[in-house]
Amino acid sequence: MSRYRRESSEDSSYDSEEERRKKDIKERDEFASRLKEKDEKKTKRVAVAAESASGKAEAAKRLKLVEEDTKEKIIPKLRIESRRKYLEKRKEDKVAELEADIIDDEYLFGDVELTEKEKRDLEHKKELLRIAKEHEKARELENIQRYRMPLEKGVEEDQYQEREQPQSEQAKWETEQMSSAVYKFGAKDRKAQKEYELLLEDEIDFIQSLQMPGDKKDEVVQKKAEEKKLTTIEETQKSLPIYPFKKDLIDAIRTHQILIIKGETGSGKTTQIPQYLYQNGFCDNDKLIGCTQPRRVAAMSVAARVAHEMGVKLGNEVGYAIRFEDCTSHRTRIKYMTDGTLHREFLSEPDLASYSVMIIDEAHERTLHTDILFGLVKDIARFRPDLKLLISSATLDATKFSEFFDNAPIFQVPGRRYPVDIFYTKAPEADYVDAVVVSVLQIHATQPDGDILVFLTGQEEIETCFEMLNERVRRLGSKLRELLILPVYANLPSDMKVVLATNIAETSLTIDNIIYVIDPGFAKQNNFNSRTGMESLMVVPISKASANQRAGRAGRVAPGKCFRLYTAWAYQHELEENTVPEIQRINLGNAVLTLKALGINDLVHFDFLDPPPHQTLVLALEQLYALGALNHRGELTKLGRRMAEFPVDPMMAKMLLASEKYKCSEEVSTIAAMLSVNGSIFYRPKDKIIHADAARKNFNVPGGDHLVLLNVYNQWQASDYNIHWCYENFIQHKSMKRARDVKDQLVGLMQRVEMDIVSGITETVNIRKSITAGYFYHIARLSKGGHYKTAKHNQTVQIHPSSALFEELPRWVLYHELVFTTKEFMRQVTEIESKWLLEVAPHYYKPKELEDSTNKKVPKVVGRAQKDSTS
DNA sequence: GAGCACTGC
């Protein structure tokens, strides 16, 4: 009680506040320089080559599971129906949410002058809504359209040709290529046609609209077999499309500080360029060549590949660095890393002094980290003329990158791609999961051999589709050739198969031998509402860029075909050119804190390739201020500098640091680790739901979900991290191992920021107070009818049914996250006492806000608090 | 009475 009183009375004098600020900044800088010293002393360990067998074993296991499933499962029709209904319901809810969002925006900001960006956002939302509604309408007409006989050739021509094209390069190319020849399956092969009529009850009409040209001419296609014979590393290297450009490339890099490299996947740029640079003396004076990748697997496998080509052990001259794994040594000259890792490295080496070249690879993917790196490296390049920058991108974005980097020259490298024929449906397909099933069978029955890759939006859909396909295949029986259906991914000999995947297959997963791609045109996308602070996962139409990326997957090994389950008109007019970059869609709390720690104070004017919404930046800054990471001038505080060391959201970082004061850092680090594995702790197989739920209830402890998570971890630890313990208790071992990794890292970082790791308290109040110190933004109180209202925004929310507190309904709760699915749910909920809020965040909560008329105890407490603060 | 696309530190 007296603690916050003291703090608030100190605010009264400006001088003392100014003094406090100066003292804090001084301490902050001293802390930062201590960190730097530590980093300099740190000797890098010599790496051990990572084992790669585990991946193969995993794939083999998965395959086996699939086969067993296929043989034995008989799927009741009812279940399929219920799933589809669920999907339908969810879609309705999402549409309603979007609608409400638009009304909200217009109501709240109707009178306010909107910026261009905000206007565009609103327009975009409206457009989404319109598409979603039309999609609904089309569904009602489904039967009529699905079974319609194909029209005569001339009839639909004008439908596809008359439209005015958008001005993009892509669109122009499309227009040129556009032809409306009607393509029908089986037309070329009478025998197949006959068989197909016999087998399939329904069909989809596709229209071939254009061809995505490959980089290879037909004659080159013939050479494929010869290429495969290449045995020596040198021969393989020389066969890569980038090889003839070696000298030109090196010359260009010597002449220009920044170079944009445009090249398709498969050109060899990722593996070869660092080697060319190494051979040409760019590593003199012990400097490093760095190359960032958006994904961990890519960083690891590319590094392994290059080490092999150079004949060195991985971790010596060639190494990689990803979270939890630093496979580099003092000998390392070529270093592959994830973009997030480089982002972190900036904290200890803001000028990248140890690098002579930095390659930002796969820049077109526009991950949050790459986007921030753009601004940072551009800035560094100005005062480090010796640093070479290569920005490597696979798409037409190259011009945009060039403009951003002061018109840096673009160096083009050809790719290795075969042509892909693109087909569109003639009519809109309402139920695309069903359309996928029909298309797969059509292709399988009538097209030449080749694997089929299907893009779906998520696990639920993949399961539905998997079951439908299996059922249909079984019904058709032996009339159909064997069809192997693999959900997600596999690594198999080239039999005929269908791969059902999410957009993981767009980039990060290489599946050999794909000839056919089926693209329904949707993906799930995470969106962050900066006004309510709520995230939602919605099924949205993909962008043209993404559609072309998907089509490209068909042309990796031979000429391919891509079947789009939408019309050519929809492609032209309904799809955005590019996916909205991540930086404009997500919560930027952590990113803003890191930038502040790098000394970038004016974030609003930071050089972003595409700036995030102003509102999102403001929210992030406000939150950091409330957490004490920034002072009233917006400068980073010592607390903020310490928070920035943790690779977690600012609220969680604050929670971790607060645990020092409450003497429970051990417990809180565990809770943080468990929270960051993202809801995948409890395993809930569909056929054992009752057992799984019972097992879960056994972990319940008073207080709430955070403490349940702690309990789970502690019991697992007590079992000596036993895998069987996990099976028995319906806990996912994989997630637990990850939680252990995260915990170890967090504990290491806690020591790094000079915290003591302490534990041993028997009651939970201190643990819950630490959590509250970080998450005082996320508070809700019980109101009438079992609903909760959030403390600051008065938003109606509910406890998620999976929570341990679902039936308890405490008066005050803290939640880890707010998600919109069927309702606004709080996930990971813990009971707190409102007076704690005054203790941990006196600047944010005033006693009056915490008054509670429904409870007799609370007014007494509040009354005391008020007396204290006014006396 | 529920449903987490995909990355990453």
Side-chain angles (χ1 to χ4, degrees), chain A residues 82-83 85-87 89-91 93-94 292-299 321-326 337-347 362 365-373 455-464 488-489 501-509 522-527 535-540 542 546 579 581-583 585-586 590-591 593-594 644-649 652-653 676-682 684 686 689 692-693 696 732 735 738 741-742 745-746 748-749 786 798-803 806-807 817 819-828:
Chain A
S82 89
R83 284 215 181 150
K85 278 198 180 135
Y86 160 69
L87 283 173
K89 184 168 174 296
R90 189 169 64 167
K91 198 154 74 185
D93 291 336
K94 290 292 183 191
T292 72
Q293 295 291 319
R295 279 168 298 279
R296 296 162 57 95
V297 267
I322 57 181
R323 187 181 186 183
F324 307 131
E325 245 180 288
D326 184 358
M337 64 194 114
T338 48
D339 46 12
T341 307
L342 181 60
H343 194 180
R344 285 267 135 207
E345 272 191 17
F346 263 93
L347 277 178
E362 314 286 356
E365 285 198 31
R366 305 292 309 275
T367 67
L368 170 68
H369 291 300
T370 340
D371 260 27
I372 292 171
L373 288 175
F455 286 97
L456 293 166
T457 65
Q459 191 187 339
E460 194 82 38
E461 266 180 33
I462 288 175
E463 281 173 12
T464 310
V488 196
Y489 67 86
T502 59
N503 48 4
I504 186 176
E506 246 174 66
T507 48
S508 51
L509 195 72
F522 291 93
K524 277 192 190 172
Q525 203 178 64
N526 197 354
N527 276 294
E535 291 186 10
S536 64
L537 205 56
M538 278 178 70
V539 174
V540 298
I542 57 169
S546 187
T579 312
E582 202 180 9
I583 199 168
R585 290 197 326 251
I586 62 163
N590 184 256
L593 180 60
T594 319
E645 284 298 306
F646 293 92
V648 298
D649 276 339
M652 191 180 276
S676 46
V677 294
N678 211 10
S680 52
I681 298 283
F682 297 99
R684 204 162 176 263
K686 293 193 169 70
I689 282 179
D693 288 354
R696 181 172 182 160
Q732 302 212 41
S735 305
R738 194 180 149 77
D741 282 344
V742 175
Q745 188 191 31
L746 291 178
L749 289 168
Q798 282 184 46
I799 296 183
H800 195 276
S802 66
S803 167
F806 179 61
E807 283 163 341
E817 59 183 356
V819 286
F820 182 92
T821 49
T822 55
K823 287 176 190 143
E824 277 99 348
F825 283 117
M826 300 180 278
R827 269 202 304 227
Q828 313 293 10

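What you see below is based on every heavy atom in this structure, not just the backbone, and it leaves out hydrogens, waters and symmetry mates. Just so we're on the same page: letters track the sequence lines, and every chain starts at 1.
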Asks: Contact class for A:T341 (heavy atom, under 4.0 Å): base, sugar-phosphate, or nothing?
Replies: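 The answer is sugar-phosphate, as A:T341 gets under 4.0 Å only of primed atoms, P, OP1 or OP2.
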Asks: Hey, does the side chain of A:D326 reach the backbone of A:A321 with a donor-acceptor pair shorter than 3.5 angstrom?
Replies: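 No, A:D326 side chain to A:A321 backbone: no donor-acceptor pair under 3.5 Å.
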Asks: 5'-most contact on DNA chain B: A:K823 or A:G340, nearest heavy atom basis?
Replies: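 Looking at DNA chain B, the more 5' nearest nucleotide goes with A:K823.
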Asks: Find the distance A:M826:CE to B:dA2:C1' and express it as a whole number of Å.
Replies: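 Computing the A:M826:CE to B:dA2:C1' distance gives 14 Å.
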Asks: Provide, to the nearest angstrom, the distance between the CD1 atom belonging to A:I586 and the P atom belonging to B:dC6.
Replies: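 Between P of B:dC6 and CD1 of A:I586: 16 Å.
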Asks: Go through the structure and list residues passing side-chain hydrogen bond (donor to acceptor under 3.5 Å, both in side chains) with A:Q745, not counting sequence neighbours.
Replies: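 So A:Q745 forms a side-chain hydrogen bond (donor to acceptor under 3.5 Å, both in side chains) with A:R323.
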Asks: Would a distance-only check, ignoring hydrogens and angles, find a side-chain to backbone donor-acceptor pair under 3.5 Å from A:E582 to A:L368?
Replies: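 Indeed, once roles are kept as given, a pair shorter than 3.5 Å links the two residues.
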Asks: If only side-chain N and O atoms of A:T338 are considered, is one of them under 4.0 Å from the OP1 or OP2 phosphate oxygen of B:dT7?
Replies: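 So the side-chain polar atoms of A:T338 never come under 4.0 Å of the phosphate oxygens OP1 or OP2 of B:dT7.
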Asks: Is a side-chain donor or acceptor of A:T594 paired with a backbone partner of A:N590 at a separation under 3.5 angstrom?
Replies: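 The answer is yes, because a donor-acceptor pair under 3.5 Å joins these two groups.
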Asks: Let me know the distance between NE2 of A:H800 and P of B:dC4, rounded to the nearest Å.
Replies: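 Nearest whole value for this atom pair: 8 Å.
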Asks: Please tell me if A:R296 has a side-chain N or O lying less than 4.0 Å from either OP1 or OP2 of B:dC9.
Replies: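 It does, given that an N or O in the side chain of A:R296 lies less than 4.0 Å from OP1 or OP2 of B:dC9.
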Asks: Indicate, with a heavy-atom threshold strictly under 4.0 Å, whether A:L368 touches base, sugar-phosphate, or nothing.
Replies: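 It contacts nothing in the nucleic acid.
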Asks: With a non-hydrogen cut-off below 4.0 angstrom, is A:R323 in contact with a base, only sugar-phosphate, or nothing?
Replies: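 Counting heavy atoms under 4.0 Å across all strands, the contact made by A:R323 includes a base.
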Asks: How long is the line joining CD1 of A:I322 and C1' of B:dT7, in whole Å?
Replies: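 Checked: the CD1 to C1' distance equals 13 Å.
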Asks: Tell me, please, which residues at least two apart from A:F825 pass ring pair (Phe, Tyr, Trp, His ring centres under 6.0 Å).
Replies: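 Per chain and number, A:F825 pairs via ring pair (Phe, Tyr, Trp, His ring centres under 6.0 Å) with A:H800.
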Asks: Tell me the interatomic distance from A:R585, atom CZ, to B:dA5, atom P, rounded to whole angstroms.
Replies: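 Rounding to the nearest Å, CZ of A:R585 and P of B:dA5 are 15 Å apart.
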Asks: Considering only B:dC9, B:dT7, B:dA2, which nucleotide approaches the side chain of A:R344 most closely?
Replies: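 Per side-chain heavy atoms of A:R344, the pick is B:dC9.
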Asks: Quick one: A:F682 CZ to B:dG3 C1', roughly how many Å, whole number?
Replies: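 Interatomic distance, CZ of A:F682 to C1' of B:dG3: 16 Å.
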Asks: Under 4.0 Å, counting only non-hydrogen atoms across every strand here, what does A:F825 touch: a base, just sugar-phosphate, or nothing?
Replies: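 Sugar-phosphate, no base atom in range.
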Asks: Which nucleotide wins on minimum distance to the side chain of A:E582, given the candidates B:dC9, B:dT7, B:dG1?
Replies: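 My answer, after comparing the listed nucleotides, is B:dT7.
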Asks: Check the distance between B:dA5's P and A:F455's CZ and give it to me in whole angstrom.
Replies: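 From A:F455 CZ to B:dA5 P: 17 Å.
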Asks: Base, sugar-phosphate or nothing for A:R366? Non-hydrogen atoms, less than 4.0 Å.
Replies: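 Nothing: the residue A:R366, judged by heavy atoms under 4.0 Å, touches no strand.
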Asks: Tell me the interatomic distance from A:E345, atom CD, to B:dC9, atom P, rounded to whole angstroms.
Replies: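 Going from A:E345 (CD) to B:dC9 (P), I get 12 Å.
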